[in-house]
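Counting starts at 1 for both ligands and their atoms, following the listed order. This structure is a prediction, so every number in the text was calculated from the model and none was measured. All residue numbers refer to positions in the sequence shown, counting from 1.
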Amino acid sequence: MSLNCLRIGPKISQFHSHAVRFLRFMLPNASRLLPSSPLAQSSRLMSSAAQTPPIPSCQASSTHPLMDERHESLHLGPPRLEECSKELEIAVRVVQLACSLCQRVQESLISKTHNQEIIQVQSKDDNSPVTIADWSVQATVSWVLANYFGSRNVSIVAEEDTQALSNSSSNGILNSVVKTVNECLTEASWFGLSGPDEALSIEQVLEAIGRCNSRGGSMGKFWALDPVDGTLGFVRGDQYAVALSLIEDGQVVLGVLGCPNYPLRKELLSYQHRYHRLVSKLTPPTSDAWDRGCVFFARRGTGEAWMQPLMQKDGKREFPGYVRPVRVSSIDDPALATFCEPVERTNTSHSFTAGLAHSVGLRNRPLRVYSMVKYAAIARGDAEIFMKFARAGYKEKIWDHAAGVVMIQEAGGVVTDAGGQPLDFSKGIYLDSLDRGIIACSGAKLHRKIIEAVDASWGSSCL
Ligand SMILES: Nc1ncnc2c1ncn2[C@@H]1O[C@H](COP(=O)(O)OS(=O)(=O)O)[C@@H](OP(=O)(O)O)[C@H]1O
Ligand SMILES: [Mg+2]
Ligand SMILES: [Mg+2]
Ligand SMILES: [Mg+2]
């Protein structure tokens, strides 16, 4: 018994310190609520640690809305909703909900016949894919944000629009979107969110998607949403992300990144390629060894970023800390560092980054991953560098980067363009003044070396 306590002790105190840091993060004025004696809480923590309850409803919550029962057992008193960042809380919950929607669609896509897949995956004018998940997530997030903050107060910049859904040949896909959105919203209460009293009509779903037509800019507050980032990865059964951020007067103030196929533990990253398919083929879905699905979130100026496992309605996972802080890697030796980049060579120049890697002394193979999962990998310390150099003329969009940038910055890293300037989210939907490419690093030393290498080799590149 005493030996057990000794072994569990450090975990409890680590867990306790995470809980206290998390409370401070969510509730800047919460010192009066924080417990004075960590040890006095330990036995209560241990007795309830095995249970994974549903999260309480945030409107009627008597405990902190993002805490599980282990946190409740700290008896910190009932913080009021208005004391914490309601925007962050709703954003995390709705991204959790959206991830659940995506998981269902991805599973059905993978098991579909070729003809059924054609209905679910469409091609946009630029030949990029769009699926019922992209439209359904956009409708769901838009509806939930409008429901909580009022449709007049909510301004959203997002990737998708209703154009392709509005002609008569798209009836099949539009019906699938409406069905998917309504199925998802019936689960809202499980994620602590209010859903509609009755199923949304086609018009309401189109309105929710179409409402995300803000153009951004330097004044005021707006949300930036990429409903499915890395849609190509999504349709291939691989990595993708749901990315939601809040931008105020041109600065990203909140970021939430849902990464449904991202492993909870770094060691599993080596299975990155066709991860999802491997999981379904090689292991039973409940296997802890393959545990995957994380939601990352950060708030500007706190110096902290956090990770939560994906809530699974029917599943239960062993996950110490439940909500835990993430931090960038401390590696600053290029020989030990790993860099991430897009999978598709049409989205970045693999040959240019290979040259940079060689000149800086990076020895590890690049980690090629779809979507903003790359930003999450740097924020969690799973890799040290992310580089992207799109072809000349391509304009990066704010929803492809905003949530990831604040995540890395608050986790201790650096993100700039290739000229060393911060990304500018105040210029509308594009990162208009971006110089050449994007460089995100775990620390200033690696960042400086990459910038110097870009300057040295840019002139002789064909970019
Ligand atoms: N030509 C071109 N050049 C550069 N970037 C482009 C280009 N076309 C698309 N995009 C954007 O890239 C987003 C996907 O980025 P990834 O890092 O996931 O790329 S990759 O799929 O791994 O290659 C992708 O986001 P989603 O559309 O949300 O998937 C696009 O916004
Ligand atoms: Mg995207
Ligand atoms: Mg997208
Ligand atoms: Mg797209």
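In summary, R380 and D382 engage in a salt bridge, as defined by a charged side-chain N under 4.0 Å from a carboxylate O. Between R299 and E87, no side-chain nitrogen of the basic residue sits less than 4.0 Å from a carboxylate oxygen of the acidic one, so the salt-bridge criterion is not met. Remark: R236 engages E344 in a salt bridge, criterion side-chain N to carboxylate O under 4.0 Å.
Inspection of the environment of the Mg ion (ligand 4) yields the following protein N, O or S atoms under 2.8 Å: E159 OE2.
Near V343, meaning under 4.0 Å from any of its heavy atoms, are these atoms of ligand 1: 20 (S), 22 (O), 23 (O). Short contacts between ligand 1 and D226, defined as distances under 4.0 Å to a heavy atom of the residue, involve ligand atoms 28 (O). For ligand 1, the atoms lying closer than 4.0 Å to a non-hydrogen atom of S371 are 16 (P), 17 (O), 18 (O). Taking every heavy atom of V369 and a limit of under 4.0 angstrom, the matching atoms of ligand 1 come to 22 (O). Every atom of ligand 1 with a heavy atom of T346 under 4.0 Å away is listed here by number and element: 1 (N), 2 (C), 3 (N).
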Item checked: Working for ring-ring contact (aromatic ring centres under 6.0 Å, His included), residues Y375 and F386 -> CA-CA 7 Å; Y375 281 99; F386 162 48; 5.0 Å; yes

Checklist line | Intermediate values then yes/no, side chain to side chain donor-acceptor pair (under 3.5 Å), Q106 and N261 | finding: CA-CA 10 Å; Q106 194 184 46; N261 284 339; 3.1 Å; yes

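For R436 and W458, the positive end sits near the middle of the six-membered ring, less than 6.0 Å away and at most 45° from its axis.
Of all the listed residues (E344, E341, K374), K374 holds the heavy atom that lies closest to atom 16 (P) of ligand 1.
With a 4.0 Å cut-off on non-hydrogen atoms, E396 does not touch ligand 1 at all.
The shortest heavy-atom distance from D126 to ligand 1 is not under 4.0 Å.
Under the ring-ring contact (aromatic ring centres under 6.0 Å, His included) criterion, F222 pairs with no residue, sequence neighbours left out.
Rounding to the nearest 0.5 Å gives a distance of 8.0 Å between OG1 of T131 and CD of E160.
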